2 protein chains.
Amino acid sequence: MTDRNLVSIRPFLANLAGLVRMREEELTHLMHLVKALNRHTAHQHILEEEAPSDRIVVLIQGSACRFRRLPNGRRQITAFLVPGDICDYRFLSSGTVGQSVAALSPVAVARIPVEAFVAASETYPVFMRAMLSASAVNDAIMREWMISLGQRNALERVAYLLCELELRMRRVGLVEDGSFSFAATQADLGDALGLSSVHVNRTLQELRRRHLVGMSKGVVTLYDVDSLGRLALFEPHSLGYDRAGRAAVPMH
Amino acid sequence: MTDRNLVSIRPFLANLAGLVRMREEELTHLMHLVKALNRHTAHQHILEEEAPSDRIVVLIQGSACRFRRLPNGRRQITAFLVPGDICDYRFLSSGTVGQSVAALSPVAVARIPVEAFVAASETYPVFMRAMLSASAVNDAIMREWMISLGQRNALERVAYLLCELELRMRRVGLVEDGSFSFAATQADLGDALGLSSVHVNRTLQELRRRHLVGMSKGVVTLYDVDSLGRLALFEPHSLGYDRAGRAAVPMH
DNA sequence: GAGGCGACTTAACCCAGGTTAGGCGAGCGT
DNA sequence: ACGCTCGCCTAACCTGGGTTAAGTCGCCTC
């Protein structure tokens, strides 16, 4: 493993530990499964559509997105990734499914050999359970995006996305005073929300005007999460987190 | 198991056998895991949001949908289910995630106790692999719906949905002469596609006018799958099927 | 420090699809 | 045979968000 000391994989551990109960020993063992820690610059691809899935790839630092391109050139971003997120779950079924992952900012990425992970799961079944839970949460997030795209208007969509990101960042201990780092451009947001970048701009301005949101230089600030959540029709429990009564994991 | 003779669970077996290679013995064993076969009338709920997931619920006959309701009353259909489909994958992670499943027509449903299934997977690991594959396909379908909602216009969306359904029905041997049964109303289609029922109507008429599609009394006919697919920006391989070189499974 | 590029902003115009409000026919219960 | 409900269809009108086009600002490179 390279430079484990420079970049902490803590968000990853926090992510999984927030889904299943894990003992100290298990967390340590899990940590040692990480075999490589790479960096990518903004806009670089982290995973290609057709890449074999012999590694579990985990985002450790920075922002990234999953997306797919249509034959007509349009792009749909299907997920934003925050530190601790697993980039792609195809290793669970050893299939290859068509979507790529790209960095939105400079990122650090950890890679875990699937074989080693599966082997370790024999001794620690909690590892596989954690992955399946993470995958289920991922599904829930996708489902909620579908609802955004189908039923929410522009203002609600943007508000919803920000609430979702805030919750996910908070879970891994990366929200401070209502602020967190998130590197998508307005065009990226448009490709994720099914809006033009022009309209994303109009919408963000409206949210700023209402003193709900601040956004600049890759830092998002939510001034009033409650009002924003109401506006967004945001229901945290629908994301599959904390339904088990388990909130953000305390980092000791 | 009740009245196994009246309703064939063949679509279910075809579905899984189309994802992983299974021997005759395994298919037989799988069949014997089915412990109950129930019927529901149209509009009845098959699964509630909060239901415990101690059964794997499989649609055997008829049409159904997964959906979630927003606090403002609007409804987003997140998936249509065709015979052979697993209604809900939450049993994989033993979490409860908020969506319901409802019948669109009279349906038959099989139930497999999760415990028995997991136990059987010890002897036949292919069972669990099949479930994970089915879940991955389910993800791919959801992803493609997100792309529809975000990037395709009304005509493309409707066309896409019909192509997808045709493919899925064909996989389980339920397409004859380009026709298959599908019971959603135009309002249902609207709730799935993020369109008003009025506009779904306009759009279907346009597809009929172009001699691409026929639809009446719960029977869909595609007159020209190729043209329709082109119009829809439909890329079958993106659904995760047949990427492994495996097309619709021959039923011997 | 000139030039270029990428992200954000603004404004004018326009259209795809929503909304509202009906009408029509088939099935069904009484 | 009546009336009800439900699904389908039509038409008139309206608006949320798309499109195009241009301008600003900061940052990076040479």
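Each chain gets a letter, A, B and so on, in the order its sequence line appears, and its residues count up from 1. Since we're looking at a predicted model, the values are computed, not measured.
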Practice item. Could you tell me the separation between the CZ atom of A/Arg209 and the P atom of C/dT10, rounded to a whole number of Å? Key: 13 Å

Check your understanding: Across the strands shown, which category fits B/Ser196 at heavy-atom distances under 4.0 angstrom: base, sugar-phosphate, nothing?
Key -> base

Review point. Whole Å only: how far is the CD atom of B/Gln205 from the C1' atom of D/dA11?
Key: 12 Å

Check your understanding: Hey, is CG on B/Asp177 packed in by over 12 heavy atoms from elsewhere, all under 6.0 Å?
Key -> no

**Study point:** Under 4.0 angstrom between B/Lys217 side-chain N/O and C/dG27 OP1 or OP2
**Key:** yes

Exercise for review: Figure out the CD/C1' separation between B/Glu206 and D/dT10, and round it to whole Å.
Suggested key: 16 Å

Review point. Can you check the A/Asp188 CG to C/dA7 P distance for me, whole Å?
Key: 8 Å

Check your understanding: Which nucleotide, C/dC8, D/dG17, D/dG7, lies nearest any side-chain atom of A/Asn153?
Key -> D/dG17

**Study point:** 5' precedence on DNA chain D between B/Ala184 and B/Arg202 (nearest-nucleotide basis)
**Key:** B/Ala184

Check your understanding: Is the distance from OP1 or OP2 of D/dC9 to the nearest side-chain N or O of B/Asn201 less than 4.0 Å?
Key -> yes

Check your understanding: Reckon B/Gly194 touches a base, only the sugar-phosphate, or nothing at all at heavy-atom distances under 4.0 Å?
Key -> sugar-phosphate

Review point. Does the side chain of A/Glu144 come within less than 4.5 Å of A/Ser238's, by heavy atoms?
Key: yes

Review point. For the pair made of CZ in B/Arg152 and P in C/dA16, what is the distance, rounded to whole Å?
Key: 19 Å

Revision key, fill the gap. Picking from D/dG7, D/dT10, C/dA7, the nucleotide nearest the side-chain atoms of A/His43 would be C/dA7

Exercise for review: Check every atom of D/dC8, C/dC8, C/dG18 against the side chain of B/Thr185 and return the nucleotide holding the closest atom.
Suggested key: D/dC8

Check your understanding: Salt bridge between B/Glu166 and B/Arg171, side-chain N to carboxylate O under 4.0 Å?
Key -> no

Practice item. Establish, for the pair A/Arg170 and A/Phe180, whether the NZ or CZ atom is under 6.0 angstrom from the six-membered ring centre and no further than 45 degrees off its axis. Key: no

Review point. Between D/dG17 atom P and A/Leu204 atom CG, what is the distance in whole Å?
Key: 14 Å

Exercise for review: Using atom CG of B/Leu207 as one end and atom P of D/dC9 as the other, report the distance to the nearest whole Å.
Suggested key: 13 Å

Check your understanding: Under 4.0 Å between a Lys/Arg side-chain N and an Asp/Glu carboxylate O for B/Arg168 and B/Asp85?
Key -> yes

Review point. Among D/dC8, C/dA7, D/dG18, which is the nearest nucleotide to the side chain of B/Gln186?
Key: D/dC8

Review point. Considering only C/dT20, D/dT20, C/dG17, which nucleotide approaches the side chain of B/His199 most closely?
Key: C/dG17

Check your understanding: CD of A/Glu156 versus P of D/dG16: gap in Å, rounded?
Key -> 12 Å

Exercise for review: May I ask you to say what A/Arg208 touches in the nucleic acid, namely base, sugar-phosphate or nothing, with a heavy-atom cut-off under 4.0 Å?
Suggested key: sugar-phosphate

